[in-house]
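Source: prediction; values computed, not measured. Both backbone and side-chain heavy atoms feed into the values below; hydrogens, waters and symmetry mates do not.
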Amino acid sequence: MGGEILVPQPTGNTREFWEGCKGKKLLFQQCEACGHVRWPPSNLCPVCHSLEARWIDSSGRGRIYTFTVYHVAFHPAWKDKVPYVTAVVELEEGPRFLSNIVDADPRTLSIGMPVEVVWEEAGEYFVPRFRPVG
Ligand SMILES: [Zn+2]
């Protein structure tokens with residue numbers, strides 16, 4: 001690690017999510033009407049259009065849905081981290097979440113691999129990343 005730290009800038013519907021991250025909680029909205037767990041946060045359930053939702057605390061466990069390995073840093077904050085892995089993780093609760101896979105050799109990763117959340121400090125927040133389980 002090293003270089004600049006990117007600090008989250010919460011807006012609108014993401015404020016509650018980032019408040020959770022201050023306490024290392026991975027929060028998703030769950031529809032009160034149909035139970036669908038969604039990401040990103042929104043006012044309306046994309047399945048049943050209900051406006052009623054609560055925030056649930058995710059297990060932080062999931063699987064790699066897809067990933068790519070970056071060999072060029074597209075932001076100065078990442079220059080000391082190449083090669084780094086950007087992945088879509090499908091959480092146990094259902095949402096597909098864009099993040100990074102850390103603590104792993106990119107060559108050992110595969111689609112469907114079980115992963116768990118790890119927290120990277122960024123100012124007053126902790127940013128969710130994922131690492132392979134076991
Ligand atoms: Zn719904």
Side-chain angles (χ1 to χ4, degrees):
M1 302 290 180
E4 180 186 348
I5 295 173
L6 295 178
V7 176
Q9 304 291 326
T11 57
N13 285 332
T14 70
R15 286 184 203 287
E16 187 105 16
F17 174 82
W18 287 114
E19 283 302 308
C21 289
K22 287 180 180 176
K24 298 186 178 180
K25 287 181 187 291
L26 190 59
L27 301 181
F28 292 112
Q29 283 177 312
Q30 181 173 36
C31 175
E32 297 270 27
C34 76
H36 177 70
V37 180
R38 64 183 184 254
W39 178 262
S42 62
N43 293 332
L44 195 70
C45 175
V47 174
C48 76
H49 300 168
S50 171
L51 293 170
E52 305 300 320
R54 62 167 175 247
W55 289 86
I56 62 161
D57 192 357
S58 167
S59 67
R61 290 188 297 271
R63 292 181 181 275
I64 297 176
Y65 181 75
T66 189
F67 71 99
T68 191
V69 182
Y70 284 82
H71 295 276
V72 175
F74 290 100
H75 186 282
W78 293 85
K79 66 179 166 51
D80 297 331
K81 298 182 180 182
V82 289
Y84 64 90
V85 179
T86 296
V88 175
V89 171
E90 188 170 75
L91 278 301
E92 283 182 343
E93 295 82 6
R96 291 179 184 158
F97 186 80
L98 185 65
S99 183
N100 302 104
I101 307 297
V102 297
D103 300 338
D105 181 338
R107 293 169 297 184
T108 66
L109 301 178
S110 61
I111 304 290
M113 178 177 276
V115 292
E116 63 187 2
V117 71
V118 290
W119 298 95
E120 185 175 309
E121 196 169 355
E124 62 181 321
Y125 298 97
F126 292 92
V127 177
R129 315 281 192 210
F130 290 82
R131 69 175 173 212
V133 175

What distance do [X] atom [atom1] and [Y] atom [atom2] have between them, rounded to the nearest 0.5 Å?
X: T86; Y: F74; atom1: OG1; atom2: CZ; answer: 10.0 Å
X: E93; Y: Q29; atom1: CD; atom2: CD; answer: 14.0 Å
X: L6; Y: E120; atom1: CG; atom2: CD; answer: 9.5 Å
X: L51; Y: C45; atom1: CG; atom2: SG; answer: 10.0 Å
X: I101; Y: Y84; atom1: CD1; atom2: OH; answer: 14.0 Å
X: R38; Y: N13; atom1: CZ; atom2: CG; answer: 8.5 Å

Heavy atoms, side chains only, cut-off 4.5 Å: are [X] and [Y] in contact?
X: V85; Y: T68; value: no
X: W119; Y: P128; value: yes
X: F67; Y: I111; value: yes
X: V127; Y: P8; value: yes
X: F97; Y: S58; value: no

Hey, quick one: are [X] and [Y] part of the same hydrophobic cluster, counting side-chain heavy atoms closer than 4.5 Å, chains of contacts allowed?
X: V88; Y: F130; value: no
X: I56; Y: L26; value: yes
X: V7; Y: F17; value: yes
X: L91; Y: L109; value: yes
X: Y65; Y: L98; value: yes

Which atom names give the shortest non-hydrogen contact between [X] and [Y], and what distance separates them?
X: G112; Y: R63; result: O-NH1, 2.8 Å
X: K25; Y: D57; result: NZ-OD2, 3.5 Å
X: P41; Y: T14; result: CG-CA, 4.4 Å
X: T108; Y: M113; result: O-CE, 3.1 Å

- Message: Angle between ring planes, F28 versus W39, binned at 30° and 60°: parallel, tilted or perpendicular?
- Response: perpendicular

- Mark yes or no for whether D105, through its side chain, and R107, through its backbone, hold a donor-acceptor pair below 3.5 Å. yes

- Task: Could you walk me through whether V72 and V82 pass side chain to side chain contact (heavy atoms under 4.5 Å, CB included), step by step?
- Result: CA-CA 6 Å; V72 175; V82 289; 5.7 Å; no

- Query: With respect to Q30, which candidate in E52, R54, H36 satisfies the side chain to side chain donor-acceptor pair (under 3.5 Å) definition?
  - Reply: R54

- Before accepting this row, confirm whether a basic side-chain N of the pair E90/R96 lies closer than 4.0 Å to the acidic partner's carboxylate O. yes

